[in-house]
Amino acid sequence: MPELPEVETIARSLAARVAGDTVVSVWLGSKPQTWKSPPAEIARALTGARLAAIRREGKQIVIDLAHGRSRKIRQQWIVHLGMTGQLLVARPESEIEKHTHLIAHLGSGREIRFVDPRRFGRVSVREFAAHERHYEPLQVDLDTFAALFRKRKLPIKAALLNQKLLRGIGNIYADEALFRAGIRPRRRAGTLTRAELQGLYAAMRKVLKEAIAAGGTSISDYVDAEGSEGSFQLKLRVYQRTGEPCMVCRSPIKRIIVGGRSTHYCPQCQR
DNA sequence: ATACCGACCTGTCAGC
DNA sequence: TGCTGACAGGTCGGTA
């Protein structure tokens, strides 16, 4: 489900509702795959902690945890939503959905719930880390962006999906950015010209910003922390439009597999 | 080092 | 009404 715009939307809506709140107690479900840190450690870190700040890094939600009177941030709660994960702010009386794996009971009386049917999501805690290692698509400069692809033989789409290069682009926005830039997904990354890289950089930034403004893309599961859907699915130009006419030239949109993922493009507009 | 592929999960939908 | 197969926002580890 969630790529950069969706995770950004969730982080903002969580921050608006529960930043400054305190975790009174926590319930953890029994599916071991969910926990990337030992569950006892997660429970210990969360219980009694104040949620000092909530933000997005790549595709994960990062919550600063403050303990005790010093209010010093020593640990962070990390949630990666995988394909179908949701972080929801709920009232205690609301029904507990199937596939709920964590409930944090807050001092305000509300709850944060982690729901994830496919269980590709991961929950962990880590010691406070101020610096990230990889590049954010909306912060990286053009020269650094261009250098990421130099000499690489893999398809440009696979490179955009590689989180070690750029953090946050997923299947939807890779396809949409490549369409807007007029570049075929299978083009070897290292063969893009300077002009094409510049176009891709601009297209990527534009589509991500527009998607954040729209509250993300809701196809089946995705909702923000308040349960609201995004609207960017109405603005998609190629993703999941196989066979439909291109909005620019009316050629049918093609679907192929690149990097093991469904890939949608216009054979006329993308070269 | 780089690139590719199957595995990890549940749910939904189309076709028979 | 089942049943089967394809597909779905992501990442990881093994292999060549």
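Heavy-atom basis, side chains included; hydrogens, waters and symmetry copies ignored. Note on naming: letters A, B, ... go to the chains in the order of the sequence lines (proteins, then strands), and numbering restarts at 1 for each one. Just so you know, these numbers come straight off a predicted model, no measurement behind them.
Distance Lys164(A) NZ to dA1(B) P: 11 Å, rounded to the nearest Å. Per the geometry, CG belonging to Leu4(A) stands 11 Å off P belonging to dG10(C), to the nearest Å. Between the CD1 atom of Ile219(A) and the P atom of dC7(C) there is a distance of 16 Å, rounded to whole Å. The distance from atom CG of Asn162(A) to atom P of dG10(C) is 13 Å, rounded to the nearest whole Å. Protein atom CD of Glu57(A) is 18 Å distant from nucleotide atom C1' of dG10(C), rounded to whole Å. The distance between atom CD of Gln240(A) and atom C1' of dC7(C), rounded to the nearest whole Å, is 9 Å. Rounded to whole angstrom, the span from the CZ atom of Arg56(A) across to the P atom of dG10(C) amounts to 14 Å. Between the P atom of dG10(C) and the CD1 atom of Ile61(A) lies a distance of 14 Å, rounded to the nearest Å.
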Just the atom pairs and distances: protein N or O near nucleotides 8-11 of chain B's N or O, under 3.5 Å.
residue	atom	partner	partner atom	Å
dC8(B)	O3'	Gln33(A)	OE1	2.8
dC9(B)	OP1	Gln33(A)	OE1	3.3
dC9(B)	O3'	Arg119(A)	NH2	2.9
dC9(B)	O2	Arg118(A)	NE	2.8
dC9(B)	N3	Arg118(A)	NH2	3.3
dT10(B)	OP1	Arg119(A)	NH2	2.5
dT10(B)	O4'	Pro117(A)	O	3.4
dT10(B)	O3'	His99(A)	NE2	3.1
dG11(B)	OP1	Lys98(A)	NZ	3.1
dG11(B)	OP1	His99(A)	NE2	2.6

Using atom names, set out every protein N or O paired with an N or O of nucleotides 3-5 of chain B below 3.5 Å, distance rounded to 0.1 Å.
residue	atom	partner	partner atom	Å
dA3(B)	OP1	Lys153(A)	N	2.7
dA3(B)	OP1	Leu154(A)	N	3.2
dA3(B)	OP2	Arg152(A)	NH1	3.3

Short heteroatom pairs, N/O only, protein and nucleotides 4-6 of chain C, under 3.5 Å:
none

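Neither side chain, Gln33(A) nor Arg119(A), offers a donor N or O lying under 3.5 Å from an acceptor on the other.
Base contact: Ser218(A) has a heavy atom under 4.0 Å from a base atom. Phe232(A) comes within contact range of no nucleotide atom at all, as no heavy-atom separation falls under 4.0 Å.
A salt bridge does not link Glu196(A) with Arg271(A): none of the charged nitrogens is closer than 4.0 Å to a carboxylate oxygen. Arg55(A) has a carboxylate O that lies under 4.0 Å from a charged side-chain N of Asp64(A), or vice versa, which qualifies the two as a salt bridge.
Cluster partners of Ile78(A), by chain and number: Val62(A). The rule joins Ile, Leu, Val, Met, Phe, Trp and Tyr whenever side-chain heavy atoms lie under 4.5 Å apart. Leu154(A) belongs to no multi-residue hydrophobic cluster, having no ILVMFWY side-chain contact under 4.5 Å with any other such residue.
Annotation: salt bridge (Lys or Arg N to Asp or Glu O under 4.0 Å) contacts of Lys206(A) (sequence neighbours excluded): Glu210(A). For Arg186(A), there are no salt bridge (Lys or Arg N to Asp or Glu O under 4.0 Å) partners, not counting sequence neighbours. Not counting sequence neighbours, the partners of Phe145(A) by the ring pair (Phe, Tyr, Trp, His ring centres under 6.0 Å) test are Phe149(A), Tyr201(A). Applying the ring pair (Phe, Tyr, Trp, His ring centres under 6.0 Å) test to Phe114(A) and every residue at least two apart in sequence or in another chain returns nothing.
Between the CH2 atom in Trp77(A) and the CG atom in Leu65(A) there is a gap of 8.0 Å [rounded to 0.5 Å].
Listed by first residue number, the stems of DNA chain C with at least three Watson-Crick or G-U pairs below 3.5 Å are B:2-8 with C:10-16, B:10-16 with C:2-8.
The shortest distance between the side-chain N/O atoms of Lys59(A) and the OP1/OP2 oxygens of dT11(C) is below 4.0 Å. A sub-4.0 Å separation between OP1 or OP2 of dT11(C) and a side-chain N or O of Gln163(A) is present. Between Ser262(A) and dA8(C), a side-chain N or O to OP1/OP2 separation shorter than 4.0 Å is present.
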Next on the checklist: The test is side-chain contact (heavy atoms from CB on, under 4.5 Å); show your working for Ile112(A) and Leu88(A) and say whether it passes.
Outcome noted: CA-CA 6 Å; Ile112(A) 297 176; Leu88(A) 301 165; over 6 Å; no
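Tracing side-chain contacts under 4.5 Å through hydrophobic residues (I, L, V, M, F, W, Y), one reaches Ile169(A) starting from Leu4(A); they form part of the same cluster.
Minimum interatomic distance between Ala66(A) and Ile73(A) (heavy atoms only, all atoms of both residues): CB-CD1, 3.9 Å.
Nucleotides dG5(C) and dA7(B) are separated by 15 Å at their P atoms, to the nearest Å. Going from the C1' atom of dG11(B) to that of dC12(C) covers 23 Å, rounded to whole Å. Atom name P, nucleotides dC9(B) and dG14(C): the rounded distance is 16 Å, in whole Å.
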Atom pairs and distances, side-chain donor-acceptor, residues 13-22 of chain A, under 3.5 Å, sequence neighbours left out:
residue	atom	partner	partner atom	Å
Ser13(A)	OG	Thr9(A)	O	3.1
Ser13(A)	OG	Ile10(A)	O	3.1
Ser13(A)	OG	Ala225(A)	N	3.1
Asp21(A)	OD1	Gly107(A)	N	3.4
Asp21(A)	OD1	Ser108(A)	N	3.2
Asp21(A)	OD2	Ser108(A)	OG	2.5
Asp21(A)	OD2	Arg110(A)	NH2	3.2

Under 3.5 Å, sequence neighbours excluded: what are the donor-acceptor pairs made by side chains of residues 89-98 of chain A?
residue	atom	partner	partner atom	Å
Ser94(A)	OG	Arg91(A)	O	2.9
Ser94(A)	OG	Arg113(A)	NH1	3.3
Ser94(A)	OG	Arg113(A)	NH2	3.3

